[in-house]
Number of protein chains: 2
Amino acid sequence: MENGAPADTGDNGEKGLHGRVLESLGPAITAGDYPPGTVLRTDELAQRFDVSRTVIREAIRVLESMQLVASRRRVGVTVRPTEEWNVYDPRVIGWRLTGRDRPRQLRSLTVLRSAVEPVAAGLAATHATPAQCAQLTEHAMGMVATSRGQQLDAYLVHDMAFHRVVLTASGNEMFARLADVVDAVLTGRTQHHVMFTDPDPAAVTLHVQVAEAVRTGDAARAESLTREITAGAMAELDVLAP
Amino acid sequence: MENGAPADTGDNGEKGLHGRVLESLGPAITAGDYPPGTVLRTDELAQRFDVSRTVIREAIRVLESMQLVASRRRVGVTVRPTEEWNVYDPRVIGWRLTGRDRPRQLRSLTVLRSAVEPVAAGLAATHATPAQCAQLTEHAMGMVATSRGQQLDAYLVHDMAFHRVVLTASGNEMFARLADVVDAVLTGRTQHHVMFTDPDPAAVTLHVQVAEAVRTGDAARAESLTREITAGAMAELDVLAP
DNA sequence: TCGGCCAAATAAGTATGACTTTTGCGTCAC
DNA sequence: GTGACGCAAAAGTCATACTTATTTGGCCGA
């Protein structure tokens, strides 16, 4: 209801010239087109993109804040090694998901999810408001309703909403901010699913049970059930990330 | 050995004028000095900091990339609500840790840590290289050696190094990038510790056992032992975050 | 021959002013 | 009261000149 934004990874539709430069350089760097150590010169970039140096500098500042590059006087803008990137930046995540090492990224995110979500569910069991419990059961029911007959898109919407509520209801802002990550993982799963394969009924049941556990305040049960869900996601991984 | 950087949260020592503006605006915003909805005008800021608009704009771009503010034409730069901030950005974390809601932030991070570290330890048990196992036991021994006689600083160094190795050895880049967060949590703990209180011997023993579990490839044991460690950290929380 | 020091070249950083574009808001007509 | 119109405000863009830090390399002395 309050979610009018597109279900994508983060902020699409960059505005302004510097945004367009960013949308070009970001994916290129994260895809490895510019290996670590590569130096970019601002004047050269200004020429290449046919914009002023001002615009380039603003884009560079953003790239720098993501730790993708480092700008040093007299030397230029150098691409930093992968290990130093701000891999939690939503845009970096999005870029890597559309790029070459999408499988690798999907694995990382799924593992992260499998660590976080169970704990979040446990916390949700003690922190969730009645309204959040209601939303949880609502979306669980929605999943049940759309789990048969090739309604994968509708199912996905409920699935994402369900997990978003769990993460939000945990009361931990760090967990809540991972909702977009989970969205990306779930979306990626659906996209690579065989188109006519309905969701696993067992997984649907688990979601219903999690909703119930949270509603009744059974933290241990909510956590362990969610661990089963994420374990399932981990199991699917070998199919998705070759 | 390879860590010559100061043990702080992230990149200290911002260089350039825009960096100085950032170091002033960032903490102010994250501390709540500018409530969400507050509008800042670029030329006003340029006057206030006595720099050119160019510099201000670059700082704004970075703030914008952290989702701390949104810049819109004809309206100005508006501070965004807390829920939209990029709370995983190392600088945002650092700013919040030095600001007003440090306790709240410390809680969030500790909870996150308690979710992630056990899983990371489990993975480390199957992924760690012999060299990493060696480092692990080395630092565990270091913790034992410094656990008595008011050597808290030396103990902290080993503690941080130990957990950094665990997170790195997990083989998951997302986990590895949380090492700074764990550093911050551990540092915060030591700082607020009563100065003459030696570390809990039980915790020290747990670290030694984790190192052993990882070395012998016992994933389940490594995970469960680490869960005990983080549970301890959670228990201490009520003292640290009033 | 080696080592350190100084100077020139270079590329990012900063400042400034003029111009463009978007858009909130008030006004005026219907 | 509602809609269209236009003004003005503020960010966005650009070109240019100037500053500063840093690398490189050559020069000079030990």
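Just so you know, these numbers come straight off a predicted model, no measurement behind them. Just so you know, these numbers use all the heavy atoms, side chains as well, and skip hydrogens, waters and symmetry mates. Every chain is numbered from 1, with letters handed out A, B, ... down the list of sequences.
Here the side chain of B:D89 pairs no donor or acceptor atom with the backbone of B:M66 at under 3.5 angstrom.
Between B:W85 and B:I29, the closest side-chain pair of non-hydrogen atoms falls below 4.5 Å.
You can see that DNA chain C meets the heavy atoms of chain A within a 4.0 Å-exclusive cut from C:dA9 to C:dT14, reading 5' to 3'. Protein chain A touches strand DNA chain D; the 5'-most and 3'-most nucleotides with an atom under 4.0 angstrom of its non-hydrogen atoms are D:dT13 to D:dT23.
Scored by the side chain to side chain contact (heavy atoms under 4.5 Å, CB included) test, A:V157 finds no partners at all (sequence neighbours excluded). In this structure, A:R215 has no salt bridge (Lys or Arg N to Asp or Glu O under 4.0 Å) partners at least two apart in sequence or on a different chain. Considering only residues two or more places apart in sequence or on other chains, A:R61 meets the salt bridge (Lys or Arg N to Asp or Glu O under 4.0 Å) condition with A:E64, B:E58. For B:R72, the salt bridge (Lys or Arg N to Asp or Glu O under 4.0 Å) criterion is met by no residue, not counting sequence neighbours. B:S65 meets the side chain to side chain contact (heavy atoms under 4.5 Å, CB included) test with A:V62, A:S65, A:R91; sequence neighbours excluded. Checked against salt bridge (Lys or Arg N to Asp or Glu O under 4.0 Å), B:R96 has the following partners two or more places apart in sequence or in another chain: A:E173, B:D101. For B:H18, the ring pair (Phe, Tyr, Trp, His ring centres under 6.0 Å) criterion is met by no residue, not counting sequence neighbours.
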>> The test is ring-ring contact (aromatic ring centres under 6.0 Å, His included); show your working for A:H207 and A:H158 and say whether it passes.
In response: CA-CA 11 Å; A:H207 283 76; A:H158 285 296; over 10 Å; no

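Nearest heavy-atom pair, A:M143 versus A:F162, reported as atom, atom and distance to 0.1 Å: SD-CB, 4.4 Å.
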Could you pull out all donor-acceptor pairs under 3.5 Å where a side-chain atom in residues 36-49 of chain A meets a protein atom, sequence neighbours excluded?
residue	atom	partner	partner atom	Å
A:T38	OG1	A:P35	O	2.4
A:R48	NH1	A:Y34	OH	3.4
A:R48	NH2	A:Y34	OH	3.1

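Heavy-atom distances under 4.0 Å link DNA chain D to B:R53, B:R57 of residues 44-58 of chain B, given in residue order. The stretch residues 68-77 of chain B touches DNA chain C through B:R72, B:R73, B:R74, each having a heavy atom under 4.0 angstrom from the strand.
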